[in-house]
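The structure appears right after this line, and notes come after that.
By convention in this document, chain letters (A, B, ...) are assigned in the order of the sequence lines, proteins followed by strands, and residues within each chain are numbered from 1.
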Protein chains: 2
Amino acid sequence: MEPQLTRAERRKRTEERILDAARARFAELGYQRTTIRAIAGDAGVDPALVMQHFASKDNLFRKAITEPTTEPLTGDPERLAELVLDTLGVKLGELPGGSAAVLRSMLTHPEATEHARDSLTQQIEQAGSAITGEDPELRAALMLATMLGVTIGRQLLELRPLREASVERIVELLRPGLRNLATG
Amino acid sequence: MEPQLTRAERRKRTEERILDAARARFAELGYQRTTIRAIAGDAGVDPALVMQHFASKDNLFRKAITEPTTEPLTGDPERLAELVLDTLGVKLGELPGGSAAVLRSMLTHPEATEHARDSLTQQIEQAGSAITGEDPELRAALMLATMLGVTIGRQLLELRPLREASVERIVELLRPGLRNLATG
DNA sequence: GTCTATAAGCAGATAGAC
DNA sequence: GTCTATCTGCTTATAGAC
């Protein structure tokens, strides 16, 4: 049984299990407090095997936070505000594993900082080119910074008013401010 | 020379030097990557002396982030928006040492998380009671989350559009959205 | 190929000399 | 009171047995 998917396929499966465990741990505890031992334990493999596959903790982290790219932020200003609010909706529901890991270590791990900065800069540039009027990039940056703050407040700091409110209500309250930034 | 300020006074001076060095290091690198040795080096004292004074790294961190309380967020809704913008102005100029240290480790150190949550919760409650209309606390939380995101984006992630903009311009652009949240 | 055993490094904490 | 020297524990990483 298991025809010819034996070597490469099994290897890939194992790596995915390790990566899933790594994303969960990194997202929960951040880079420094996460240990290879704990990841291995979660994935049901030996710590040495993790090293065999990923060579170093830092490399494992790099692989764990590499995500399929997000959809571009384009369109006219009104539409842009809605797109931004949509991605917020996704993030407030449940953060994708890689994003959560980056977010958690964003302030304390140089590589995560850079990753977050690059990702946000790209989104800012996209959104900025869809904004008319003065200071389009600054306006875009403020829109995304708002989303960042709300995401952190709700998902990581777990501020009570943000936890208890529905995603729809949050989106509804943020809409006017974001539209104001988007339309100039 | 140095009349009777010898013992207690000298001790206090040393502790302040250590605390200043600690705040700077914690703010720059976060809790985990900061070492007692480095703090001692910066303060020009022996590492063992740091332990003599503060007993443990965790206790040193606790002392370093303890700040004189901030002024309350009160008044009518329009005034509230201005107060919030003012404190943002302060934070965008230069973060006070203790705040910067908390901010940096907020996502990765349990005690810092709690400290940040408590501090924000208090501000939210104050601001919430100055807001009329529906969901005052949620609105207040969104205002403060916005400030948090902008502060992180500018001071810690150093997003280019936020770095290059003047504090006044940022405040000007955020005002309509914050007023909208404050006035309901 | 997988795991055991261990090396190597680092940082917090401690004991005791001066 | 201040510093030297050391201990202890933990983690990544490696080498080699099975």
Side-chain angles (χ1 to χ4, degrees), chain A residues 1-2 4-19 21-26 28-65 101 104-105 108-112, chain B residues 1-2 4-19 21-26 28-65 101 104-105 108-112:
Chain A
M1 63 290 281
E2 313 299 1
Q4 65 259 50
L5 68 159
T6 336
R7 250 181 300 278
E9 191 61 22
R10 267 193 69 80
R11 185 181 173 85
K12 198 160 146 49
R13 294 280 177 89
T14 304
E15 288 199 350
E16 272 312 320
R17 268 220 325 285
I18 295 172
L19 279 173
R23 285 194 197 97
R25 283 274 172 183
F26 284 136
E28 186 193 345
L29 297 173
Y31 178 83
Q32 342 260 350
R33 295 170 61 211
T34 296
T35 64
I36 298 272
R37 286 163 158 79
I39 293 170
D42 292 352
V45 302
D46 191 274
L49 193 65
V50 177
M51 298 302 292
Q52 274 292 330
H53 280 271
F54 295 96
S56 75
K57 181 181 174 183
D58 229 87
N59 187 54
L60 172 58
F61 184 68
R62 206 172 304 128
K63 293 286 196 301
I65 66 179
R104 177 72 72 184
S105 296
T108 43
H109 188 280
E111 197 147 348
Chain B
M1 61 295 279
E2 312 297 4
Q4 65 260 48
L5 66 162
T6 337
R7 251 182 300 277
E9 191 60 25
R10 267 195 67 81
R11 184 180 174 84
K12 199 161 145 48
R13 294 282 176 91
T14 304
E15 288 199 350
E16 273 310 321
R17 269 222 323 288
I18 294 172
L19 280 174
R23 284 193 199 97
R25 283 274 173 183
F26 285 137
E28 187 193 344
L29 297 172
Y31 178 83
Q32 342 259 352
R33 294 170 60 209
T34 297
T35 64
I36 299 270
R37 288 166 158 82
I39 293 170
D42 291 352
V45 302
D46 192 274
L49 193 65
V50 176
M51 299 302 292
Q52 275 293 330
H53 281 270
F54 295 96
S56 75
K57 180 181 175 183
D58 230 87
N59 187 53
L60 172 58
F61 184 69
R62 207 173 302 126
K63 293 286 197 299
I65 66 179
R104 178 71 72 184
S105 295
T108 44
H109 188 281
E111 198 147 346

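- The salt bridge (Lys or Arg N to Asp or Glu O under 4.0 Å) check on A:Glu28 picks up nothing, with sequence neighbours excluded.
- In this structure, CG of A:Leu49 is placed 9 Å from C1' of C:dG1, rounded to the nearest angstrom.
- Judged as a side-chain contact (heavy atoms from CB on, under 4.5 Å), and not counting sequence neighbours, the contacts of B:Arg62 are B:Asp58, B:Asn59, B:Glu111.
- Helix bend of the helix from C:dG1-D:dC18 to C:dC18-D:dG1: the angle between its two end axes, each built from five pairs, comes to 10° after rounding to 10°.
- In this structure, A:Thr108 and A:Gln32 have side chains that are in contact, with non-hydrogen atoms separated by less than 4.5 Å.
- Judged by distance alone, with hydrogens and angles left aside, the side-chain atoms of B:Arg104 form no donor-acceptor pair with the main-chain N or O of B:Gly30 at under 3.5 Å.
- What separates CD1 of A:Ile39 from C1' of D:dA13 is a distance of 14 Å, to the nearest Å.
- B:Glu16 is linked by a salt bridge (Lys or Arg N to Asp or Glu O under 4.0 Å) to nothing, counting only residues two or more places apart in sequence or in another chain.
- Among residue pairs with one or both ends in residues 41-56 of chain A, those qualifying as side chain to side chain donor-acceptor pair (under 3.5 Å) are A:Glu15-A:His53, A:Arg25-A:Asp42; sequence neighbours excluded.
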* Structure fact -> Each nucleotide of nucleotides 4-18 of chain C classed B (base within 4.0 Å of a protein heavy atom), S (only sugar-phosphate) or -, in 5' to 3' order, makes B------BBSB----
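- The shortest side-chain heavy-atom distance between B:Leu60 and B:Ile18 falls under the 4.5 Å cut-off.
- Distance A:Ile18 CD1 to C:dC3 C1': 14 Å, rounded to the nearest Å.
- Using cut-offs of 30° and 60° for the angle between ring planes, the A:Phe26 and A:Phe61 rings count as perpendicular.
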